[in-house]
> 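Handing you a structure now.
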Amino acid sequence: MNQDSPTTRAPDPDSDSDQHQYAHRYTGALAQQIEARWQDWWDEHHTFETPNPSGPLADAERLGDRPKLFVLDMFPYPSGTGLHVGHPLGFIGTDVYSRFQRMAGYNVLYSMGFDAFGLPAEQFAVQTGQHPAITTAENVVNMRRQLRRIGLSHDPRRSIETTDPAYYRWTQWIFSQIFNAWYDTDTQRARPVADLVAQFEAESRPTPDGRPWSDLSSNERVRIIDGYRLVYISEAPVNWCPGLGTVVANEEVTADGRSDRGNFPVFKRNMRQWMMRITAYADRLIDDLDLLDWTDSIKAMQRNWIGRSEGARVRFASPAGPITVFTTRPDTLFGASFMVLAPEHPLVDTLTTPEQRQAVADYRRTASAKSDVARQVVDKTKTGVFTGSTATNPVNGEQIPVWVADYVLMGYGTGAIMAVPCGDERDFEFARQFGLQIPAIQQPPPAWFDGHSIGPSLDTRHWPQAFVGDAPYVNSTNGQLDLNGITNVAAATHQTNDWLVAHGQGEPTINYKLRDWLFSRQRYWGEPFPIVYDEHGNPHTLPDALLPLELPPTDDFAPRTFDPDDAQSNPESPLDRLDWWVDVELDLGDGPKRYRRDTNVMPQWAGSCWYELRYLDPTNEACFVDRDVEQYWMGPQGDGHPGGVDLYVGGVEHAVLHLLYARFWHKVLHDLGYVSSIEPYHRLFNQGYILAAAFKDEREIYVDAFGVEERDGQFFYEGTAVSREWGKMGKSLKNAVSPDEIYDAYGADTLRLYEMAMGPLDASRPWETRDVIGMYRFLQRVWRNLVDEESGTVRSDLPALDDATNRALHRTIDGVRRDMGDLKFNTAIAKLIELNNHLTKLGGCPRDIAEQMALMLSPLTPHIAEELWQLLGHTDSITYEPFPQADAALLIDDTILVPVQVDGKVRSRITVTADADDDAVRQAALADPKVIIALGNSSPRKVIVVPGRLVNIVT
RNA sequence: GCCCGAGUGGCGGAAUGGCAGACGCGACGGACUCAAAAUCCGUUGUCCGAAAGGGCGUGUGGGUUCGAAUCCCACCUCGGGCACCA
């Protein structure tokens with residue numbers, strides 16, 4: 001009977017008195033000693049400080065002529081609960097890679113900062129009652145300590161915290177640049193607002209109402225300019241989250257209409273809020289994905305989120321004036337037999353006839369009472385109401401009824417559609433529901449009818465659903481436009497678009513799902529807006545000299561939150577309460593005046609939109625990053641290369657949040673000439689998560705995973721059966737393993753090795769504490785193969801290097817070098833273990849190859865590698881030693897063992913010389929006794945020789 | 001429903017057109033020990049067989065190929081994203 005605990009605490013492998021006998025055995029205690037010593041040594045010797053080519057961090061001697069490499073982690077939130085072993089997975093990966101590339105000759109920039117503003121830190125502060133500045137500072141200190149213990153090779157001089165006024169001064173400055181920019185659709189880039197003003201003044205750009213610029217009042221001019229800015233205030237439907245007391249961005253609302261943070265209900269409400277014009281960049285954000293080395297899934301998520309669809313706007317004449325619709329299928333216009341407007345559509349009132357007024361009003365009331373969540377309910381039944389009016393189909397002049405239904409959304413397209421029931425499943429359902437006409441305009445292929453077990457017919461009363469696809473058009477001509485007989489959608493679309501444009505009835509257009517970025521938050525713990533309002537209520541950015549605008553200290557920092565379901569509540573900024581701060585007298589360049597400060601703070605994504613740029617030049621007081629320094633680290637490398645970070649590692653959860661926002665900011669900075677790269681992150685690698693078993697009792701409550709016992713495949717907690725599931729490690733699932741207990745038992749090098757050996761870096765994998773010991777044993781063997789466990793010095797009885805061992809070494813070097821460069825640390829480790837197992841059989845590590853062993857290990861397990869390096873007589877760090885190179889001559893063996901297949905099944909193996917020609921190999925294979933037996937009476941028809949790989953005899 | 005990804009021993013995984021299961025855990029056997037731990041040596045996909053050896057085997061079914069875990073088609077299952085988006 002198996003009494004094993006499935007989720008075990010780390011055992012103490014050195015429980016015995018054995019340690020007294022071997023004072024220098026590689027135990028957890030010794031490992032910790034070695035690790036602490038080397039971590040101090042690295043600090044004292046500034047080992048990981050990386051030189052810039054110019055500026056205060058320049059160091060020509062250290063820089064030499066090494067090429068650059070910028071390796072970046074998604075920086076963490078300094079949460080109050082500390083690290084568990086799942087957190088550092090990506091950090092260890094980037095550290096191994098950075099250390100390897102340093103040894104491969106690169107000047108590697110590798111640092112770490114803290115994303116310390118935002119809801120998590122603030123919620124923690126609210127819970128504990130301590131000011132977020134205090135808790136954040138404490139958490140950062142704690143996290144730095146925990147990360148240091150892993151032995152990460154960060155340049156400490158480049159570390160930043162987003163909450164540091166010296167940092168957010170530049171976050172505010174960048175905000176001001178974006179505020180003072182507009183998107184020039186002619187040149188497809190952002191430009192300073194001053195250029196726009198100049199265009200108006202020169203009258204090369206007409207004013208919205210055509211009046212000369214010089215005739216406008218200064219207030220009118222301000223309003224026009226503000227309408228162009230990349231940051232603007234708008235009164236629009238936003239996501240109001242009473243439970244958090246703030247509005248949040250679309251990207252922060254989950255699919256089921258709740259807040260990403262805190263999981264509170266979110267309501268759509270019209271509010272006056274700050275927006276960033278990310279939609280201006282929609283095309284570039286999609287198109288430039290092609291330049292990036294990202295996974296297909298993240299690219300797909302961004303494309304999907306931006307949601308570009310090409311189609312046409314078409315105008316239908318109606319008693320209330322033209323109704324404009326957006327459609328992706330203008331080719332189906334002849335099949336448009338009714339129209340549907342969203343309940344909120346502004347023309348509904350005018351279109352509704354007196355007889356229908358009551359019905360429409362009732363329907364609209366019901367629709368508005370439904371939240372977004374309720375509208376999405378899987379209730380597939382279509383609802384709707386007739387307005388009483390008709391509109392004119394522009395291609396055939398038919399009068400078609402106009403309906404109102406909530407399956408049409410005001411927030412997408414124009415909030416109105418032309419319904420083509422024969423070619424659109426939703427329209428088909430709606431038409432069936434309300435008995436509307438379904439004219440056929442395409443002749444579906446016979447297979448389609450067969451598939452639905454009906455005879456081919458254009459009588460749609462027999463059709464079970466709409467037909468979508470390429471098929472010959474029918475009933476689609478008006479004399480000028482004739483689609484009949486065309487067999488594909490693209491051609492028909494093209495002709496229809498031409499006709500629409502020629503007759504002024506519509507035009508091709510592109511529609512996006514992406515909305516502008518709601519940028520203001522009614523919370524405390526964030527960057528204050530560097531904005532003040534004048535007596536007319538017009539916003540102005542603070543001059544650079546007044547930055548940073550520091551977050552005012554207050555004990556009254558808790559945001560005003562509400563009953564999470566109280567949709568009618570209104571946001572109240574904590575900063576609003578600080579009258580002394582809000583009402584100020586300032587000189588913005590035209591003498592001292594009274595102003596009111598904006599009391600919003602920025603969303604938590606603001607600081608992470610540009611942090612990698614500050615790592616480059618952290619001490620620069622004159623600008624956020626020096627242009628030459630940015631060019632060196634992030635500049636494009638050749639034609640078609642967008643520039644950016646060489647390797648960015650982080651979780652997939654930021655696919656449409658941080659990764660979209662940061663690309664947007666970076667592109668604005670590029671347009672305004674501040675950075676040479678057009679993308680911030682050239683290569684993105686998504687590390688997996690460390691999963692751990694979690695156990696629920698029958699009440700669906702998680703129980704302490706470490707108290708669960710397994711008996712015959714069943715799980716029990718305090719005697720009662722519990723069910724197992726796998727989830728991200730964490731406090732809420734009561735299954736978090738602290739790195740401290742792994743350090744105590746085995747040391748940080750073993751933890752690093754285990755996390756890297758568990759599987760490929762991009763796969764999620766379950767944590768198994770009992771598996772960790774395998775990597776510990778490996779390091780122990782490495783140590784023992786070289787070090788005398790009694791004296792702690794290099795063994796005097798090491799075996800001599802033989803040819804087989806030397807060849808094994810070079811094969812290992814060759815494979816490990818390749819794997820490390822490909823981020824395949826798990827197989828690199830396997831190869832090192834194989835070599836070490838060979839050395840163990842040999843009786844130790846020959847002195848001649850000891851250095852190479854230490855060098856190959858050092859990216860993975862830097863502390864033990866430094867220690868071995870020192871024992872081998874070196875006085876400097878192993879960090880910048882060149883990684884071993886395989887001797888090509890030793891990779892080729894004199895003779896090779898070649899498997900011989902008969903009809904695809906391996907029947908024997910033959911030894912041939914490496915340079916044997918195909919014919920010799922063929923003869924040797926056919927002469928092999930086992931092959932002769934396997935062939936029996938049958939004679940070979942064909943013999944395939946794959947040089948160096950195998951022989952296959954076909955009978 | 002649409003899009004992306006993944007299915008290989010008891011477990012984590014390796015092999016991306018050429019010897020399936022590298023490496024690690026666990027399990028089993030042995031050496032050492034009074035004993036245990038640790039360590040070292042060996043076995044470990046499965047079925048038949050005393051053995052030699054052989055059959056079967058990478059979610060399922062088909063296909064391409066001398067040869068398929070790997071490529072193609074269809075399906076199943078799981079994970080992730082989007083979703084009444086016109």
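The sequence lines fix the lettering, A, B, ..., with proteins before strands; numbering per chain opens at 1.
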> Heavy atoms, side chains only, cut-off 4.5 Å: are A/His24 and A/Glu790 in contact?
no
> To the nearest Å, how far apart are A/Arg308 CZ and B/A86 P?
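Distance, rounded to whole Å: 14 Å.
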> Side chain of A/Arg781 only, heavy atoms from C-beta on: which candidate in B/A22, B/C40, B/C66 is closest?
B/C40
> For A/Thr279 and A/Asp516, does a side-chain donor sit closer than 3.5 Å to a side-chain acceptor?
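A/Thr279 vs A/Asp516: donor-acceptor pair found between side chains.
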> Base, sugar-phosphate, or nothing: which does A/Asn837 touch, judged by heavy atoms less than 4.0 Å apart?
sugar-phosphate
> By the 4.0 Å heavy-atom rule, please label A/Ser764 as base, sugar-phosphate, or nothing.
sugar-phosphate
> Write down the distance separating the P atoms in B/G54 and B/G9, rounded off to the nearest Å.
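It works out to 25 Å between them.
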> What integer number of Å spans the P atoms of B/A68 and B/G18?
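The same atom, P, in both gives a distance of 11 Å.
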> Could you check B/G9 for me: syn (within 90° of 0) or anti?
syn
> Starting the side chain at C-beta, find the nucleotide from B/A15, B/C66, B/A86 nearest to A/Val954.
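Nearest to the side-chain atoms of A/Val954, counting from C-beta on, is B/C66.
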> Which one, B/C84, B/C82, B/A22, comes nearest to the side chain of A/Lys382?
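For A/Lys382, the side-chain atoms sit closest to B/C84.
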> Does A/Lys299 make a side-chain donor-acceptor contact with the base of B/C4, cut-off 3.5 Å?
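Checked by distance alone, the answer is no.
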> Is any side-chain heavy atom of A/Met410 closer than 4.5 Å to a side-chain heavy atom of A/His345?
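A/Met410 vs A/His345: side chains touch.
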> If the threshold is 4.0 Å, N to carboxylate O, is there a salt bridge linking A/Asp822 and A/Lys824?
no
> Could you check whether A/Lys841 gets within reach of a base, just the sugar-phosphate, or nothing at all, counting any heavy atom under 4.0 Å?
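Since only primed, P, OP1 and OP2 atoms lie under 4.0 Å of A/Lys841, the category is sugar-phosphate.
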> When we call it a touch if two heavy atoms are under 4.0 Å apart, what does A/Arg515 touch: a base, just sugar-phosphate, or nothing?
nothing
> Between B/C19, B/C25, B/G24, which nucleotide gets closest to the side-chain atoms of A/Arg770?
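Nearest to the side chain of A/Arg770 among the choices is B/C25.
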> From the list B/G24, B/U39, B/C41, which nucleotide is the closest neighbour of the side chain of A/Met775?
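Per side-chain heavy atoms of A/Met775, the pick is B/G24.
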> What contact category does A/Val906 fall into here, base, sugar-phosphate, or nothing, at under 4.0 angstrom with non-hydrogen atoms?
sugar-phosphate
> Checking A/Thr827 against A/Asp819: is there a side-chain donor and acceptor pair closer than 3.5 Å?
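Indeed, the side chains of A/Asp819 and A/Thr827 share at least one donor-acceptor pair under 3.5 Å.
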> Tell me whether the side-chain N or O atoms of A/Asp771 pair up with the base of B/C25 as donor and acceptor below 3.5 Å, since no angle test is needed here.
no
> For A/Gln901, which contact category applies under a 4.0 Å heavy-atom criterion: base, sugar-phosphate, or nothing?
base
> Select one nucleotide: of B/C56, B/A22, B/G24, the one nearest the side-chain heavy atoms of A/Ala830.
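Per side-chain heavy atoms of A/Ala830, the pick is B/A22.
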> Does the side chain of A/Ser309 come under 3.5 Å of the side chain of A/Tyr412 through a donor N or O and an acceptor N or O?
yes
> Would A/Tyr754 and A/Asp749 count as having a side-chain donor-acceptor pair, cut-off 3.5 Å?
no
> Output the rounded distance in Å from CG (A/Asp788) to P (B/U39).
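After rounding, the reported distance stands at 18 Å.
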> Just to be sure I understand the rule, does A/Arg777 reach a base, reach only the sugar-phosphate, or reach nothing, if contact means heavy atoms closer than 4.0 Å?
sugar-phosphate
> May I ask you to verify whether the side chain of A/Arg909 and the base of B/C19 hold a donor-acceptor pair under 3.5 Å?
yes
> Rounded to the Å, how far apart are A/Gln302 CD and B/C4 C1'?
14 Å
> Indicate whether the side chain of A/Gln302 and that of A/Trp294 have a donor and an acceptor atom separated by less than 3.5 Å.
no
> Of all the nucleotides listed (B/C66, B/C82, B/C40), which has the minimum atom distance to the side chain of A/Arg784?
B/C40
> Suppose we screen for salt bridge (Lys or Arg N to Asp or Glu O under 4.0 Å). Which residues come up paired with A/Arg765, at least two apart in sequence or across chains?
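A/Arg765: no salt bridge (Lys or Arg N to Asp or Glu O under 4.0 Å) contacts found.
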> Just compare B/C82, B/G55, B/G13 and give me whichever is closest to any side-chain atom of A/Arg907.
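Minimum distance to the A/Arg907 side chain belongs to B/G55.
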> Could you state the CZ-P distance from A/Arg432 to B/C84, rounded to the nearest angstrom?
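Taking atom P of B/C84 as the reference, CZ of A/Arg432 is at 23 Å.
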> With the side chain of A/Ile833 defined as its heavy atoms from C-beta on, choose the nearest nucleotide among B/C25, B/C23, B/G18.
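Closest of the options to the side chain of A/Ile833: B/C23.
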> At under 4.0 Å between heavy atoms, what does A/Asn826 touch on the DNA or RNA strands: base, sugar-phosphate, or nothing?
sugar-phosphate
> The side chain of A/Tyr412 lies closest to which of these nucleotides: B/C3, B/G13, B/A86?
B/A86
> Paired stems touching RNA chain B, three or more consecutive Watson-Crick or G-U pairs with both distances under 3.5 Å?
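As far as RNA chain B goes, consecutive pairing (with distances under 3.5 Å) yields the stems B:1-7 with B:76-82, B:10-12 with B:23-25, B:26-31 with B:39-44, B:45-48 with B:53-56, B:59-63 with B:71-75.
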